[in-house]
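Notes follow the structure.
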Number of protein chains: 2
Amino acid sequence: MRVLLIEDDISLADGTVKALRRAGYAVDHAATGGDGRRYVEAGQLDIVILDLGLPDIDGLALLRELRLLQSGLPILILTARDALTDKVAGLDAGADDYLTKPFAFEELLARIRVLSRRNTPVREPELKFGNVLINIASHEVRLDGEVQKLSRREFAILRALADRPGQVFSREQLEEKLYSWGDEVTSNTVDVHVHNLRKKLGHDLIKNIRGVGFILGSTG
Amino acid sequence: MRVLLIEDDISLADGTVKALRRAGYAVDHAATGGDGRRYVEAGQLDIVILDLGLPDIDGLALLRELRLLQSGLPILILTARDALTDKVAGLDAGADDYLTKPFAFEELLARIRVLSRRNTPVREPELKFGNVLINIASHEVRLDGEVQKLSRREFAILRALADRPGQVFSREQLEEKLYSWGDEVTSNTVDVHVHNLRKKLGHDLIKNIRGVGFILGSTG
DNA sequence: CATTTTCTTAAGTCTTTCTTAAATGTCGCC
DNA sequence: GGCGACATTTAAGAAAGACTTAAGAAAATG
């Protein structure tokens, strides 16, 4: 298991590196963002621990770059920035976990274990279908770059379909994604929302399969 | 996106449930571990938020149980227990994230988004017969790579035949696949659909065995 | 608490698909 | 080769399903 620590504070990095090695990991250390990027480009890494206050590159920008380089690579942000907005921004930018300094080393190890046992692939925070771009975090959807305001239910339907492109969802399945237990609905709400979605995002994005349901993003 | 909150403190749960719903999630709430387990058994969930101080079951034991029931289901622990050993134990027992109370709701949402980015790869069951490719998930059928639009009944017949290639199906057997009990039909519908299928997919795919029924030949 | 937005319902319209039945075609047996 | 049984084709009316619209109810927002 090979870990890359991107951290500019040398003395802090030193201690962490040593402790990680003691815990049985092979550890690389990069003191700058540019350096870190080169390590990731070289491949062979299983997990990246990223400090945000780097001297040369904005941490979140680097994070997005690394994601592009290796989309499945788990990235844990480890930083002194404990403001809520920083956490949310970091996680939404594609980080898999966010730990603030000062931290308990045992917790870092546990969170590394969580990330390293994960074997399912991870999706980008943004989804793209043709000329439609879906930002899960901001509930913002763009058609040809232009922001379209979606209501909550519209977004929920779109997201459900976008989670599994090429898979048909029956109305019942979609309702399950929209309504909590006890809130079931007995009308053609889904149809109406789909209709409104199509008005906003174009008529070809969501297709209907007669007698079966709705589907997004397959060629048929 | 369907979230289950397992939490015994009713007033806290109420607030969280409402806020989650406002964020666009379908939310189920279980006040006991046993209840929570039943929700998970029922399926349809995308993520579980688990409180550890439950009245009836030890939280970690429940966590392990849920993991067995649905191994890919993301579980986030949300608890007042902020001791390091609790965190480590929770994460090592199989939780995907661990958030301590009191918490910022925005952070919970961000961490839910992280977990929902994971998508369990789904096997796409495809059946192939000569130059005909059948995709069950998308209800798509291709002839020489080109998508052919099939109606519901046509697809049902083709799927029935394709499920057991080389086996002859009588008209009665095929009708059983098309109609629910009580909907029986008294004409040559099956023949008509087979005819339309052949028009779309070539005349050799579905063969007739005189006096017996229809069969899908793998040698086409 | 008033205003605005979003959600649900339901009814009407439109489209596709299903069924029916009758005509035509084919096989195999006498 | 002709006859009867079975299979295929055709077309039209019926039925089912999808889409659209609008209005009242509910929920969010300030």
Side-chain angles (χ1 to χ4, degrees), chain A residues 139 141 148-158 161 168-175 177-180 182-216 220, chain B residues 14-15 17-27 105 139 141 148-159 161 168-180 182-217:
Chain A
H139 277 215
V141 177
Q148 302 289 323
K149 223 175 129 201
L150 297 199
S151 77
R152 194 167 359 141
R153 301 253 122 116
E154 285 164 9
F155 188 83
I157 288 180
L158 181 62
L161 293 173
V168 194
F169 287 85
S170 69
R171 287 171 178 72
E172 291 72 38
Q173 287 177 307
L174 289 174
E175 282 167 7
K177 301 279 181 192
L178 297 194
Y179 302 99
S180 317
D183 271 15
E184 284 82 4
V185 98
T186 56
S187 74
N188 61 343
T189 5
V190 170
D191 296 62
V192 174
H193 288 308
V194 166
H195 174 239
N196 291 328
L197 273 170
R198 298 214 258 232
K199 263 204 307 218
K200 291 178 184 176
L201 303 174
H203 286 263
D204 304 329
L205 181 70
I206 299 172
K207 294 192 196 86
N208 172 269
I209 298 200
R210 184 165 267 254
V212 187
F214 296 98
I215 186 172
L216 189 148
Chain B
D14 251 33
V17 166
K18 275 189 188 133
L20 284 170
R21 289 197 178 139
R22 220 165 305 144
Y25 296 100
V27 186
F105 189 71
H139 250 243
V141 176
Q148 301 291 322
K149 224 176 133 201
L150 298 198
S151 78
R152 176 159 49 137
R153 302 255 129 113
E154 286 163 11
F155 191 86
I157 288 179
L158 180 62
R159 187 226 267 258
L161 292 173
V168 192
F169 287 84
S170 69
R171 277 161 244 268
E172 291 72 39
Q173 287 177 307
L174 289 175
E175 280 167 10
E176 268 170 25
K177 304 269 181 193
L178 297 193
Y179 305 100
S180 45
D183 272 16
E184 284 81 5
V185 99
T186 57
S187 75
N188 61 342
T189 353
V190 170
D191 297 64
V192 174
H193 289 309
V194 166
H195 171 239
N196 291 327
L197 272 171
R198 298 213 258 232
K199 261 204 310 219
K200 290 177 184 175
L201 302 175
H203 286 260
D204 304 328
L205 182 70
I206 300 171
K207 295 194 192 87
N208 174 269
I209 308 256
R210 185 162 261 258
V212 186
F214 296 98
I215 186 175
L216 194 142

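All values derive from a computational prediction rather than experimental measurement.
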Remember a base hit wins even if backbone is also touched, and classify B/Arg21 as base, sugar-phosphate or nothing at under 4.0 Å, heavy atoms. nothing
Using a heavy-atom cut-off of under 4.0 Å over every strand shown, decide if A/Phe214 touches base, sugar-phosphate, or nothing. sugar-phosphate
By nearest nucleotide on DNA chain D, pick out whichever of B/Arg22 and A/His203 is the more 5' one. A/His203
Atom pair CG/CG of A/Leu216 and A/Asp204 - distance to nearest 0.5 Å: 11.0 Å
Any residue in residues 187-195 of chain B with a heavy atom nearer than 4.0 angstrom to DNA chain D? Just list them by number, or reply none. B/Asn188, B/Asp191, B/Val192, B/His195
Of all heavy-atom pairs between A/Ala156 and B/Gly24, which one has the smallest distance, and what is that distance? CB-O, 4.1 Å
Of all the heavy-atom pairs spanning B/Glu154 and B/Leu197, show the shortest one and how long it is. O-CD1, 3.6 Å
Helix axis bend for the helix from C/dC1-D/dG30 to C/dC30-D/dG1 - C1'-based end axes, five pairs, 10° rounding: 40°
The first and last nucleotides of DNA chain C lying within contact of chain A, meaning any atom under 4.0 Å from one of its heavy atoms, run from C/dT6 to C/dT17
Given the rule in the side chain to side chain contact (heavy atoms under 4.5 Å, CB included) test, do A/Ile206 and A/Leu161 qualify, once you have shown the distances and angles that lead to the verdict? CA-CA 8 Å; A/Ile206 299 172; A/Leu161 293 173; 3.9 Å; yes
Footprint ends on DNA chain D, 5' to 3', for atoms under 4.0 angstrom from a heavy atom of chain A, come out as D/dA16 to D/dA28
Evaluate the side-chain proximity of A/Leu205 to A/Leu158: yes if any heavy-atom separation is below 4.5 Å, no if none is. yes
Side chain of A/Arg152, backbone of B/Arg21: donor and acceptor closer than 3.5 Å? yes
Please tell me which of B/Lys199 and B/Arg171 maps to the more 5' nucleotide of DNA chain D, matching each residue to the nucleotide holding its nearest heavy atom. B/Arg171
Sorted by chain and number, sequence neighbours left out, side-chain hydrogen bond (donor to acceptor under 3.5 Å, both in side chains) with B/Arg198 holds for none
Looking at every non-hydrogen atom in both residues, tell me the closest pair between B/Asn208 and B/Arg171 and how far apart they are. ND2-NH2, 3.9 Å
Answer yes if the side chains of B/Ser151 and A/Arg210 hold a donor-acceptor pair under 3.5 Å, and no otherwise. no
Given 3.5 Å as the limit, does a donor-acceptor pair link the side chain of A/Lys207 with the main chain of A/Phe214, or not? no
Please step through side chain to side chain contact (heavy atoms under 4.5 Å, CB included) for the pair B/Val212 and B/Phe169, ending with a clear verdict. CA-CA 7 Å; B/Val212 186; B/Phe169 287 84; over 6 Å; no
Under 4.0 Å, counting only non-hydrogen atoms across every strand here, what does A/Arg210 touch: a base, just sugar-phosphate, or nothing? base
Going by heavy atoms in the side chains, are B/Thr189 and B/His193 under 4.5 Å from each other? yes
Which donor-acceptor pairs under 3.5 Å do the side chains of residues 172-179 of chain B make with protein atoms, sequence neighbours left out?
residue, atom, partner, partner atom, Å
B/Glu172, OE1, B/Ser170, OG, 3.4
B/Gln173, OE1, B/Ser170, N, 2.8

Within the 4.0 Å heavy-atom criterion, would you say B/Ile209 contacts the bases, only the backbone, or no part of the nucleic acid? sugar-phosphate
